[in-house]
Peer 1: 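One structure is given below, represented as structure tokens, and several questions about it will come after.
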Amino acid sequence: MAQDEAGAATRYVAMVAGIAAVGGALFGYDTGVISGAILYIARDFPMDAGEQGLVVSAVTLGALVGAVGAGALADRLGRRLTNVAAGLIFVFASLVSALAIGMETLVAGRFLVGCGIGLTSVAAPMYIAEAAPARLRGTLVSVFQLAVTIGILVAYLVDEALAAAGSWRWMLGVAALPGALLAVGMLPLPESPRWLAKVGRDAEARAVLGQLRGDGHVEDELGEIKQDLARERSGSWARLLDADVRPALLVGIGLAVFQQITGINAVIYYAPQIFQSAGFESDVVALAATIGIGVVNVLATLIAIWLVDRAGRRPLLIAGVLGMVAALAVLGIAFRDTSQGAEGGLGSITVLCLGAYIVSFAFSLGPIVWLMISEIYPYTVRAPAIAVSTAANWAANFLVSLTFPILRIRIGSSATFLIYATLGVLTLLFILTRVPETKGKTLEEIGRSWHS
Ligand code: BGC
């Protein structure tokens, strides 16, 4: 009987995580879709390179703003309503983008889409981490990343399917549907028990924990949460600078930035161009290879879902970053001489290395960064600290996606890949020396571990 009850609770918490993760699918879709859409937008709204850059990067800037805003909203409105707000923004912003009458409305629409992504990239992993039992937290937060990768893959496929018709308005507009699903789906879900306890709504926190755990351990968990709240000094943005918060913040911001500066979005956003410079001249082949990257990205995320609560965070991070560094180093060396083209072996080396790089990212930095950002912080500063780390991730993303095309022209693909490889070595050192193992610990245990 107790087992049935626990099984039902596990299914319920998985469903809760699945609905919150729809925001991840929108994050992936809306960041992935623009690479294909921009070609056709440029036909309707003639624009120079600078304006193109603006249309593409508006989302990243919006995400930065949305992430900072999410820090305040998630504490004030609660985690659930912040996710609902993200869904509503996605609906509105997708429609504004799809119906844009000119460059200004389009950039505004894309900026708003970015705000939705910023909100969801803070609020969804936080909500899932606070709802999940410790033993499943890694798996359930990794579902968010799985949704991101599915969103990217669907964007590649939609771009491909609508390319012949050049229907960029549909490419941007269809995201309104999952946006509505997110807003409506989140409404009946319970609020995070940890947020309820934080604002003093203990009876509701107890009831929600009962729903999510379905066993007799609710009082223990609630007791632990309350003890922590009593111990922690009240949180505010200024508290982020306190000596006992700083080590955690360093880990969160460090992971967030390293996830980006090791080049993931140079590949995700520019894969067709990379394949073309490896000698696959036809658009069709380059696009097919890109879709292959999207599929591998989804599948390899399943490795993390399976292993993150078994093997732990650190072994996956270490193995993954090692794989990324090796793949980038080989690419860097192979691209020294591009004169032989695809037939000369560069094509297959590129396919193999990009594949190995994506697999290695997908089971390590991809999911585990979002997971650890949402689990390492002590209670009272959790929302602002997650917001700051996530904003740092978007700032670094902006920098890399803006500079990759410039670097390729100025210093060449080979040197660019070698820079990412070197930054990968720094990432590895950072993980080895700074990042703690959080597998199986409750959020309260992790929060307290920084004090010792
Ligand atoms: C990163 C994104 C990236 C995606 C690729 C996410 O974890 O934050 O920047 O595009 O993974 O799958």
Side-chain angles (χ1 to χ4, degrees), residues 21 23-35 56-57 59-64 66-67 70 113-114 117-125 128 138 141-156 252-271 274 290-305 308 313 316-317 320-321 323-324 354-374 386 389-404 420 423 427:
L26 281 150
F27 162 171
Y29 182 83
D30 273 314
T31 50
V33 77
I34 197 71
S35 59
V56 174
S57 56
V59 158
T60 335
L61 289 178
L64 215 164
V113 165
I117 298 180
L119 281 187
T120 204
S121 57
V122 169
I128 299 173
V141 180
S142 299
V143 169
F144 172 79
Q145 171 71 11
L146 182 70
V148 173
T149 60
I150 293 174
I152 293 172
L153 176 61
V154 171
Y156 287 165
I253 294 181
L255 283 173
V257 171
F258 281 125
Q259 188 202 48
Q260 295 296 323
I261 62 177
T262 37
I264 183 61
N265 289 316
V267 177
I268 294 290
Y269 301 167
Y270 298 99
I274 301 178
T290 304
I291 289 174
I293 290 283
V295 172
V296 168
N297 194 18
V298 174
L299 293 180
T301 308
L302 297 174
I303 302 175
I305 292 196
V308 72
R313 287 53 164 159
L316 285 181
L317 281 174
V321 175
M324 289 168 66
L354 286 190
Y357 172 82
I358 289 289
V359 169
S360 308
F361 174 89
F363 72 71
S364 64
L365 286 179
I368 296 178
V369 167
W370 294 113
L371 167 62
M372 292 198 78
I373 288 179
S374 69
I386 295 178
S389 321
T390 305
N393 181 273
W394 286 107
N397 184 340
F398 177 69
L399 209 75
V400 173
S401 38
L402 195 74
T403 51
F404 178 67
Y420 297 148
L423 292 169
T427 310

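Residue numbers start at 1 and run along the sequence shown. Keep in mind it's a predicted model, so treat the numbers as computed, not measured. Indexing begins at 1, ligand by ligand and atom by atom, following the structure's order.
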Peer 1: For the pair Ile34 and Val59, evaluate side-chain contact (heavy atoms from CB on, under 4.5 Å) and give the outcome as yes or no after the intermediate values.
Peer 2: CA-CA 9 Å; Ile34 197 71; Val59 158; over 6 Å; no

Peer 1: Ignoring hydrogens, just give me the one of Thr390, Leu365, Asn265, Ile293 whose non-hydrogen atom is nearest atom 3 (C) of ligand 1.
Peer 2: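 The nearest heavy atom belongs to Asn265.
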
Peer 1: Pull out every atom of ligand 1 sitting under 4.0 Å from any heavy atom of Gln259, numbered as shown with elements.
Peer 2: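 By the 4.0 Å cutoff, the relevant atoms are 1 (C), 6 (C), 7 (O), 8 (O).
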
Peer 1: At under 4.0 Å between heavy atoms, which part of Asn297 makes contact with ligand 1: side chain, backbone, both or neither?
Peer 2: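 Looking at Asn297 and ligand 1, just side chain atoms fall under 4.0 Å.
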
Peer 1: For Asn397, take its heavy atoms, then give the atoms of ligand 1 lying under 4.0 Å from any of them.
Peer 2: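 Answer, ordered by atom number: 9 (O).
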
Peer 1: Are any side-chain N or O atoms of Gln259 and backbone N or O atoms of Leu365, one a donor and one an acceptor, separated by less than 3.5 Å?
Peer 2: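 The answer is yes, because a donor-acceptor pair under 3.5 Å joins these two groups.
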
Peer 1: Would you say Tyr420's side chain and Ala266's backbone share a donor-acceptor pair under 3.5 angstrom?
Peer 2: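 No.
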
Peer 1: Suppose I only count heavy atoms of Gly366 and a 4.0 Å limit; which atoms of ligand 1 are within that range?
Peer 2: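 Atoms satisfying the 4.0 Å criterion: 7 (O).
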
Peer 1: Got a second to check how far Asn393's CG is from Trp370's CH2, nearest 0.5 Å?
Peer 2: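 Answer rounded to 0.5 Å: 4.0 Å.
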
Peer 1: Looking only at protein heavy atoms, which one is nearest to atom 6 (C) of ligand 1, and what is the separation?
Peer 2: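 For atom 6 (C) of ligand 1, the nearest protein heavy atom is Gln145 OE1, 3.4 Å.
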
Peer 1: Which atoms of ligand 1 have any heavy atom of Trp370 under 4.0 Å away?
Peer 2: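 In order of number, 6 (C), 7 (O), 8 (O).
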
Peer 1: Quick check for you: to the nearest 0.5 Å, what is the distance between Asn297 atom CG and Ile268 atom CD1?
Peer 2: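 It comes to 4.5 Å.
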
Peer 1: In the protein, what heavy atom is nearest to atom 5 (C) of ligand 1, and what distance, to one decimal place, separates them?
Peer 2: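 Of the protein heavy atoms, Ile152 CD1, 3.6 Å lies nearest.
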
Peer 1: Which atoms of ligand 1 sit under 4.0 Å from any heavy atom of Thr149?
Peer 2: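 In order of number, 12 (O).
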
Peer 1: For the residue pair Phe363 and Ile368, establish whether any side-chain heavy-atom pair is separated by less than 4.5 Å.
Peer 2: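 The answer is no, as the side chains (C-beta and beyond) never meet within the 4.5 Å cut-off.
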
Peer 1: Grab the two heavy atoms, one from Gly118 and one from Ser121, that are nearest each other, plus how far apart they are.
Peer 2: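 Closest approach of Gly118 to Ser121: O-OG, 3.1 Å.
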
Peer 1: Counting heavy atoms only, which part of Phe27 comes closer than 4.0 Å to ligand 1: side chain, backbone, both or neither?
Peer 2: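 Answer for Phe27: side chain.
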
